[in-house]
Amino acid sequence: MTLSLLFYCRSGFENDCASEVMEYVSGKGVEGFVKAKPHTAHVVFQGHNPDDVISLWNDLQLSDLIFVRQILLCSSLYQDLPEKNRTVPLFKAFEENFSGILNGKKYLDDLFIEALDADEYKEVLTFCKKFTSPMLSELKKNGYIIGDKNQRALRLHILFLNGQSCYIGLCAPKKASLWFMGIPRLKFPSEAPSRSTLKLEEAFLTFLNESEREERLKTGMTAVDLGASPGGWTYQFVRRDIYVIAIDNGEMASPLVKTGLVEHLKEDGFKYRPYKPVDWLVCDMVERPSRIAKLIAEWAVRKMAREFIFNLKLPMKKKHAEVKECLNFITEELNCEGITFQLKCKHLYHDRDEVTVWLRLK
Ligand SMILES: C[S@@+](CC[C@H](N)C(=O)[O-])C[C@H]1O[C@@H](n2cnc3c(N)ncnc32)[C@H](O)[C@@H]1O
């Protein structure tokens, strides 16, 4: 029995995901190797020592890694599954691999029968949906209780690559993505002027928990939105009754401006500074990442905003290296000034060739 770590990522980002995983793993002194095939939307880490893999998995939080959407402790790949009655061999394989980890407990938080987020797996997803109910029945028949949220139970994932092959995996819900396939299904609000509104909505959901959102995104606050046109990000503040200073030479959607909550200034986002500090600075300007990092660091060092969300656009090949450089730069600038802060970065589902960064000054 070989257990590995399986990481979901956006298709096309396997190399960056692999480079980040290897850096994390070697930082923990664990030896092993990563398997990453282009456009398969996942990478697998295999450790030389099985106990190391389990302790890595115990430590790892989804927020520790930028290019990762989901983390599973997983079996080796099961191939040649029968056309019919797959539930029985899969249940057997699940118990063989994981009864030790479950410590004899027959509670599971949930069952996700999933496919990867890449074109070649689209058809598999239809099969996954049909397979959920028979697999649930098989688990229940064998005494498993599923969905008892009080038990701090692990969640079972079966990840099909096609009808005949799959990985079986487990995750601890608190350390993993709560979303099916690691993808938040957000509904586009019809009043929002652009689809990028979903990026900021996902960022709020990712970096702030429910009570933090209530406390730190509320009526009477002020935000600056650099590169705001046509107003998708501005909309996220306006819908929460937050006043927005929107900086962009482009036009803002007029229904947003008519709310009276938006002051639109046709100025250069790199030169604009507010008269007094604001609660939020967000920035979606398309620019070199290093230039954005410098701008954000300057705002932060001068404490012109308390909390920040910004995008780093990544058209270059070595995306992970570029992001690290920007985050290190901001970290060093703030450390030099003795400012304490939280800084996190994530390749969100709604991000394409970019990542989203969250910074909060304490
Ligand atoms: C990706 S779009 C922003 C979309 C916006 N966040 C939304 O949700 O609708 C980037 C915007 O940055 C603006 N921009 C680029 N450079 C700028 C600068 N130096 N100052 C102000 N705006 C800038 C562009 O005009 C463009 O409207």
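We use all heavy atoms of the structure for the numbers below, so side chains are in, but hydrogens, waters and symmetry mates are not. Indexing begins at 1, ligand by ligand and atom by atom, following the structure's order. The chain is numbered in sequence order, starting from 1.
In this structure, Lys141 pairs ionically with Glu138, as a charged nitrogen and a carboxylate oxygen lie closer than 4.0 Å. Between Lys199 and Glu354 there is a salt bridge, with a side-chain nitrogen of the basic residue lying less than 4.0 Å from a carboxylate oxygen of the acidic one. Between Asp52 and Lys28, none of the side-chain N atoms (NZ, or NE/NH1/NH2) sits under 4.0 Å from a carboxylate O, so this pair counts as no salt bridge. Comment: Glu202 does not engage Lys346 in a salt bridge, judged by the lack of any side-chain N to carboxylate O separation of less than 4.0 angstrom.
Taking a cut-off of under 4.0 Å to the non-hydrogen atoms of Trp233, the atoms of ligand 1 that pass are 6 (N), 7 (C), 8 (O). Of all atoms in ligand 1, numbered sequentially from 1 with element shown, those under 4.0 Å from a heavy atom of Gly232 are 7 (C), 8 (O), 9 (O). Which parts of ligand 1 touch Glu267 is read off a 4.0 Å heavy-atom cut-off, strictly below it: atoms 20 (N), 21 (C). Of all the atoms in ligand 1, the ones that sit under 4.0 Å from a non-hydrogen atom of Ser194 are 7 (C), 8 (O), 9 (O). Residue Asp268 approaches ligand 1 through these ligand atoms, each under 4.0 Å from one of its heavy atoms: 18 (C), 19 (N), 20 (N). For ligand 1 and Phe270, the ligand atoms under 4.0 Å from any heavy atom of the residue are 19 (N). Taking every heavy atom of Pro230 and a limit of under 4.0 angstrom, the matching atoms of ligand 1 come to 9 (O). Here is the list of ligand 1 atoms found below 4.0 Å of a heavy atom in Ser229: 3 (C), 4 (C), 5 (C), 9 (O), 27 (O).
Scanning the protein heavy atoms around atom 13 (C) of ligand 1, the nearest turns out to be Asp248 OD2, 3.1 Å. The protein heavy atom nearest to atom 8 (O) of ligand 1 is Ser196 OG, 2.8 Å. The shortest contact between atom 17 (C) of ligand 1 and any protein heavy atom is with Met285 SD, 3.5 Å. Closest protein heavy atom to atom 10 (C) of ligand 1: Asp284 O, 3.4 Å. Here the protein heavy atom with the shortest distance to atom 20 (N) of ligand 1 is Gly269 N, 2.7 Å. When hydrogens are left out, the protein atom nearest atom 3 (C) of ligand 1 is Gly227 O, 3.2 Å; that is the closest non-hydrogen contact.
Aromatic ring centres of Phe237 and Phe204 lie closer together than 6.0 Å. Proximity of the aromatic rings of Phe94 and Tyr144 is defined here by a centroid distance below 6.0 angstrom, and this criterion is met.
In this structure, Phe67 and Phe13 have parallel ring planes: the angle between them is below the 30° cut-off, well short of the 60° mark.
Under a cutoff of 6.0 Å and an axis angle of 45°, Arg185 and Phe180 do not form a cation-pi pair.
Crowding of Glu123 atom CD: a count of heavy atoms from other residues, nucleotides or ligands under 6.0 Å not exceeding 12.
Of the heavy atoms in Ala228, only backbone atoms (N, CA, C, O) come closer than 4.0 Å to ligand 1.
Between Gly250 and ligand 1, not a single N/O pair is under 3.5 Å apart. Where the criterion is an N or O separation shorter than 3.5 Å, residue side chain and backbone included, Asp225 fails it with respect to ligand 1.
The main-chain N or O of Asp109 is never found under 3.5 Å from a side-chain atom of Arg155 such that the two would form a donor-acceptor pair.
Judged purely by distance below 3.5 Å, without hydrogens or angles, the side chains of Trp358 and Gln342 never pair a donor atom with an acceptor atom.
At least one heavy atom of Gly231 sits less than 4.0 Å from an atom of ligand 1.
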